[in-house]
Amino acid sequence: MSDDSGAARFKAEVLVHLDAAANLARWLLRNPVEAEDVVQEAVLRAFSYYPSFRGVNARAWLLQIVRNAAYAVMKKTRGIHMVKLHEDASDNAESAWGIDLVDPAGDPESLLMQQETRREIDALLGALPVELRECIILREFEELSYREIAEITAVPIGTVMSRLWRARRLLSEAAGVKEPAR
């Protein structure tokens with residue numbers, strides 16, 4: 001196998017899952033800049049180990065690498081929180097001027113409600129312990145099977161089911177949703 005065919009296979013089998021990798025990294029790290037770095041590092045690792053990859057599920061394999069890289073970053077930066085003291089105009093010109101670009105497709109009221117809903121969901125998910133958050137993200141957002149989640153997180157399927165149940169219960173309680181009477 002030539003290097004070109006290996007790179008083409010890597011692109012076809014692994015790189016198609018970059019969105020899922022970025023999504024998982026953002027939810028685990030809660031920092032878009034760190035998440036981008038983790039995804040980049042994970043893809044480099046995946047590319048270097050791809051010739052020895054013998055699995056059938058490249059998506060789960062990549063997400064496991066992303067997860068491991070994210071946990072390494074979290075372990076390294078535990079207790080360190082960066083706080084912006086002022087908005088840098090070079091970061092985002094629109095926010096520096098106080099301008100929010102509005103989607104012309106929606107009316108302001110519905111856009112505001114959607115943004116508020118997204119913020120509430122983000123806050124609820126962010127409050128979960130990371131091991132519960134990763135399971136719920138992999139299941140509900142990435143639509144992975146219990147078996148795939150178990151493979152990625154390196155825990156038994158029963159633990160995955162337990163974590164999902166606990167995550168859903170905590171989310172329901174935090175959102176104020178009452179369980180139906182039995």
Side-chain angles (χ1 to χ4, degrees), residues 3-4 6-97 99-101 115 118-145 148-155 159-160 163-164 167 171:
D3 287 341
D4 290 339
R9 279 187 44 235
F10 179 79
K11 185 177 181 180
E13 291 181 19
V14 178
L15 292 185
V16 295
H17 304 296
L18 278 179
D19 287 342
N23 192 32
L24 177 61
R26 275 192 308 272
W27 279 107
L28 289 177
L29 294 167
R30 316 281 295 146
N31 180 323
V33 175
E34 283 183 345
E36 287 177 13
D37 291 344
V38 161
V39 170
Q40 185 175 9
E41 176 66 27
V43 169
L44 287 173
R45 285 184 193 173
F47 186 72
S48 67
Y49 290 108
Y50 186 70
S52 63
F53 174 64
R54 301 288 181 251
V56 292
N57 190 342
R59 182 180 185 195
W61 180 67
L62 177 63
L63 292 178
Q64 184 174 23
I65 295 170
V66 168
R67 177 188 181 267
N68 292 341
Y71 272 88
V73 167
M74 287 188 290
K75 184 177 180 182
K76 190 169 109 179
T77 61
R78 186 177 299 146
I80 300 172
H81 299 285
M82 302 298 282
V83 177
K84 262 191 177 177
L85 297 177
H86 59 82
E87 193 70 37
D88 185 4
S90 65
D91 286 348
N92 185 348
E94 290 84 17
S95 65
W97 292 99
I99 299 170
D100 275 342
L101 298 178
Q115 288 174 345
R118 274 191 227 114
R119 276 193 290 267
E120 288 174 9
I121 291 170
D122 186 44
L124 290 171
L125 287 169
L128 289 175
V130 70
E131 66 274 0
L132 301 182
R133 185 170 60 232
E134 76 181 347
C135 282
I136 202 87
I137 296 301
L138 290 170
R139 178 67 183 154
E140 302 302 334
F141 290 5
E142 298 304 326
E143 299 177 348
L144 295 176
S145 70
E148 290 171 318
I149 296 168
E151 183 181 320
I152 291 167
T153 58
V155 298
T159 303
V160 169
R163 287 179 179 177
L164 285 169
L171 288 172

- Task: Identify the heavy atoms of Ala25 and Val66 that sit nearest to each other, and give their distance.
- Result: CB-CG1, 3.9 Å
- Item | Minimum heavy-atom distance between Val39 and Ala21, given as atom pair plus value | CG2-O, 3.7 Å
- Of Leu144, Ile152, Val14, Val16, which is the lone residue that meets side chain to side chain contact (heavy atoms under 4.5 Å, CB included) with Arg59? Leu144
- Note on the structure: Ala46 and Leu62 have their tightest heavy-atom pair at CB-CD1, 4.1 Å
- Taking the side chain as C-beta and beyond, is there a heavy-atom pair between Arg163 and Ile149 under 4.5 Å? no
- Partners meeting salt bridge (Lys or Arg N to Asp or Glu O under 4.0 Å) with Glu13 (sequence neighbours left out): Arg9
- Out of curiosity, Leu132 CG to Ile137 CD1, how far, rounded to the nearest 0.5 Å? 11.5 Å
- Query: Would you say the side chain of Arg67 lies within less than 4.5 Å of the side chain of Tyr71, judging by non-hydrogen atoms?
  - Reply: yes
- Donor-acceptor pair, Arg133 side chain versus Leu128 backbone, under 3.5 Å? yes
- Task: For His17 and Ala58, work out which heavy atoms get closest and say how close.
- Result: CD2-C, 4.3 Å
- Item | Results of side chain to side chain contact (heavy atoms under 4.5 Å, CB included) for Asp122 - residues two or more places apart only | Trp27, Arg30
- Do Leu24 and Glu142 have side-chain heavy atoms sitting under 4.5 Å apart? no
- Task: Specify the closest pair of heavy atoms between Leu15 and Val43, including all atoms of both residues, with the distance to one decimal.
- Result: CD2-CG1, 3.8 Å
- For Glu140, look at atom CD and say whether over 12 heavy atoms of other residues, nucleotides or ligands are found less than 6.0 Å away. yes
- Asn57 versus Glu151, side-chain donor and acceptor atoms under 3.5 Å: no
- Residues, nucleotides or ligands: over 12 heavy atoms within 6.0 Å of Tyr49 OH: no
- Query: Quick one: does Arg118's side chain get under 4.5 Å of Ile121's, heavy atoms only?
  - Reply: no
- Item | Set of ring-ring contact (aromatic ring centres under 6.0 Å, His included) partners for Phe47, sequence neighbours left out | Phe10
